[in-house]
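A note on names: the letters A, B, ... follow the listed sequences, proteins ahead of strands, and every chain is numbered from 1.
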Protein chains: 2
Amino acid sequence: MKIDPNSSADLSAQIAKAIKDAIINGDLIVDQRLPSESELADQFQVSRPTVREALKRLAAQSLIRTQRGASGGAFVNRISFEDAYAQQITTSTLLLSMNDVSFETACEARYALERACAPLSAQRRTPDHLATMRAEIFRQGQPGLTDEAFCASDVAFHRALVDGAENPVLSYQLAGAVEAMQPLMNMITFSARDRARIVELHSTIADAIESGNGGAAIDGLTDLEIETRTLATEVFAARASA
Amino acid sequence: MKIDPNSSADLSAQIAKAIKDAIINGDLIVDQRLPSESELADQFQVSRPTVREALKRLAAQSLIRTQRGASGGAFVNRISFEDAYAQQITTSTLLLSMNDVSFETACEARYALERACAPLSAQRRTPDHLATMRAEIFRQGQPGLTDEAFCASDVAFHRALVDGAENPVLSYQLAGAVEAMQPLMNMITFSARDRARIVELHSTIADAIESGNGGAAIDGLTDLEIETRTLATEVFAARASA
DNA sequence: CACTTTTTATTTGTCTGACATTTAAAAGTC
DNA sequence: GACTTTTAAATGTCAGACAAATAAAAAGTG
């Protein structure tokens, strides 16, 4: 692990990169303790605050965790799926909101990915997943539900559908696509008629998942995508003319 | 933006979270300048090094960028798809390598997601995407290619396929799934016969994409998935018995 | 006046040294 | 032996300072 003091880049960024590479290469393995901050400062020939800035960069990416006290220090962290979910969701959300990604583009991606999960979910979903889907459908039918709560329930329904595939890698990848849509969906007002239609489609999908019919689930998702995009187009058109 | 000095969490983590929330909420918008480090230190009633640690945390997530000099400072960064790609890839790679995700699971997720892109790619791919796919197929047929180079080319081929869907959100989500597989693929040795078979399947897929036949592309990907999993099973079985 | 050069002020980057706090292990005590 | 106290090591935080970069203002120059 070497750094170049003459480089234009920040020393703390270089040190962070050096340690990060060591983790990726497997030179540092999970739960291994890094040298203390003072030792790292000596090794890299920099001051302790600089080392600390580097370590904070790594901590922000969940690459290390720190512990105080004797026998404390910085340890290589095993990135959990939950950590990864959270990062994935915030990155996706900001990516969409900051880059003027159209509703159409985000929606297309989301439903394309969900259809990829549908057949697996139809095969493998547990009673639990199905129960969650049914419960959320029920919630969506309740009168007086705010639009935000309706959207949150929609996300929960789709998360259960995705998780039903019982493939953590798929769940992780989909988390961003599904959750990042929520702010976009929140811009829509759902009339009672819209909600009834969505609940109906959700039921169709849940039925397909329950009976193990992946093809039907895909068709249901396609119908839901069309419905959602039509609805969004109408809402945005109405808002533009107003 | 408030922090709690009595909380168990690090002050720098709290400050980072406060600023991050402000960005997510839209209180801080893209390219907006944050107060200087000294001003932030005053506002949060902490020292400048603590503020700096917080800012480095945010910089590590590409949420801000910093500039030195007069009229410099920290600015809210527009997260680019490229930034997001890079983060997504390292997170996915580490997630897989640190959590003993089986080849099967990763492979299943990857091909499920790719199949989601295939119909769109068949519709929209530019001549450029197709040319990249053909070029990589050609490269894969060259004798003397190392296994690593073969895998890298494989990734490039699939990236072109995914990018052909012309949906940046899809490309971003898929980047992790495709690239994170590379280290796993690198564990496999590809015989000449294996390579010929893969090149053949790649050609079938490229043909389907060229002719706009999404269904055929999906079938080709399914065949490729089966081929890859069979190959991996054989290799791992042989290695286990040796 | 227009242009170039110099100065200056601001801001981040880095260093030194210190103290506070947490924590586990060692030492002491009953 | 079980419990308490001490101690040492590590991170967390602070204060103050200087270096380096940079843009704007000021000064100089034709």
Side-chain angles (χ1 to χ4, degrees), chain A residues 1-20 23 28 30-77, chain B residues 1-20 22-23 28 31-77:
Chain A
M1 294 200 291
K2 284 280 162 54
I3 59 170
D4 170 19
N6 300 321
S7 163
S8 62
D10 292 356
L11 291 176
S12 70
Q14 290 182 56
I15 293 169
K17 183 174 186 315
I19 297 176
K20 182 176 178 176
I23 294 173
L28 293 170
V30 167
D31 291 335
Q32 186 173 338
R33 184 180 174 282
L34 271 64
S36 74
E37 295 177 354
S38 312
E39 286 170 326
L40 285 172
D42 285 346
Q43 277 185 34
F44 287 113
Q45 296 270 305
V46 298
S47 68
R48 196 163 82 100
T50 302
V51 167
R52 281 183 63 79
E53 286 178 10
L55 294 181
K56 294 311 162 200
R57 293 178 116 110
L58 298 175
Q61 300 173 278
S62 307
L63 290 176
I64 61 168
R65 62 178 184 279
T66 55
Q67 213 167 2
R68 279 164 64 147
S71 77
F75 298 84
V76 177
N77 198 34
Chain B
M1 294 198 292
K2 286 276 161 58
I3 59 171
D4 170 19
N6 299 322
S7 163
S8 64
D10 293 356
L11 291 176
S12 70
Q14 290 182 57
I15 293 168
K17 184 173 187 315
I19 297 175
K20 182 176 179 177
I23 293 174
L28 293 169
D31 291 335
Q32 186 172 340
R33 184 180 175 283
L34 273 63
S36 74
E37 294 176 353
S38 312
E39 287 171 324
L40 286 172
D42 285 346
Q43 278 185 34
F44 288 112
Q45 297 270 307
V46 298
S47 68
R48 195 161 82 96
T50 302
V51 168
R52 281 182 63 78
E53 286 178 10
L55 294 180
K56 294 311 162 201
R57 293 179 116 109
L58 299 174
Q61 299 173 277
S62 306
L63 290 176
I64 62 169
R65 62 178 184 279
T66 54
Q67 213 168 1
R68 276 165 62 148
S71 77
F75 299 84
V76 178
N77 199 34

Ile19(B) and its side-chain contact (heavy atoms from CB on, under 4.5 Å) partner, picked from Val76(B), Leu34(B), Leu63(B), Val51(B): Leu34(B)

Listed partners of Glu39(B) passing side-chain contact (heavy atoms from CB on, under 4.5 Å), at least two apart: Pro35(B), Ser36(B)

side-chain hydrogen bond (donor to acceptor under 3.5 Å, both in side chains) involving Ser62(B) - partner list, sequence neighbours excluded: Gln87(B)

Set of residues satisfying salt bridge (charged side-chain N to carboxylate O under 4.0 Å, His left out) with respect to Arg57(A), sequence neighbours excluded: none

Pairing residues for Arg48(B) by the salt bridge (charged side-chain N to carboxylate O under 4.0 Å, His left out) criterion, not counting sequence neighbours: Glu37(B)

Contact letters for nucleotides 9-17 of chain D, in which S counts primed atoms plus P, OP1 and OP2 and B counts the base, heavy atoms under 4.0 Å: BSBBBB--B

Base-paired stems that DNA chain C participates in, counting runs of 3 or more Watson-Crick or G-U pairs under 3.5 Å: C:1-30 with D:1-30

By side-chain hydrogen bond (donor to acceptor under 3.5 Å, both in side chains) - contacts of Asp10(B) (at least two apart): none

Set of salt bridge (charged side-chain N to carboxylate O under 4.0 Å, His left out) partners for Arg68(A), sequence neighbours left out: none

Ser71(A): side-chain hydrogen bond (donor to acceptor under 3.5 Å, both in side chains) partners, not counting sequence neighbours: none

Shortest non-hydrogen contact from Ala54(B) toward Ser12(B): CB-O, 3.3 Å

Ala59(B) backbone acceptor or donor facing Arg65(B) side chain under 3.5 Å: no

Span of DNA chain C, from the first to the last nucleotide whose atoms fall under 4.0 Å of chain A heavy atoms: dG13(C) to dA24(C)

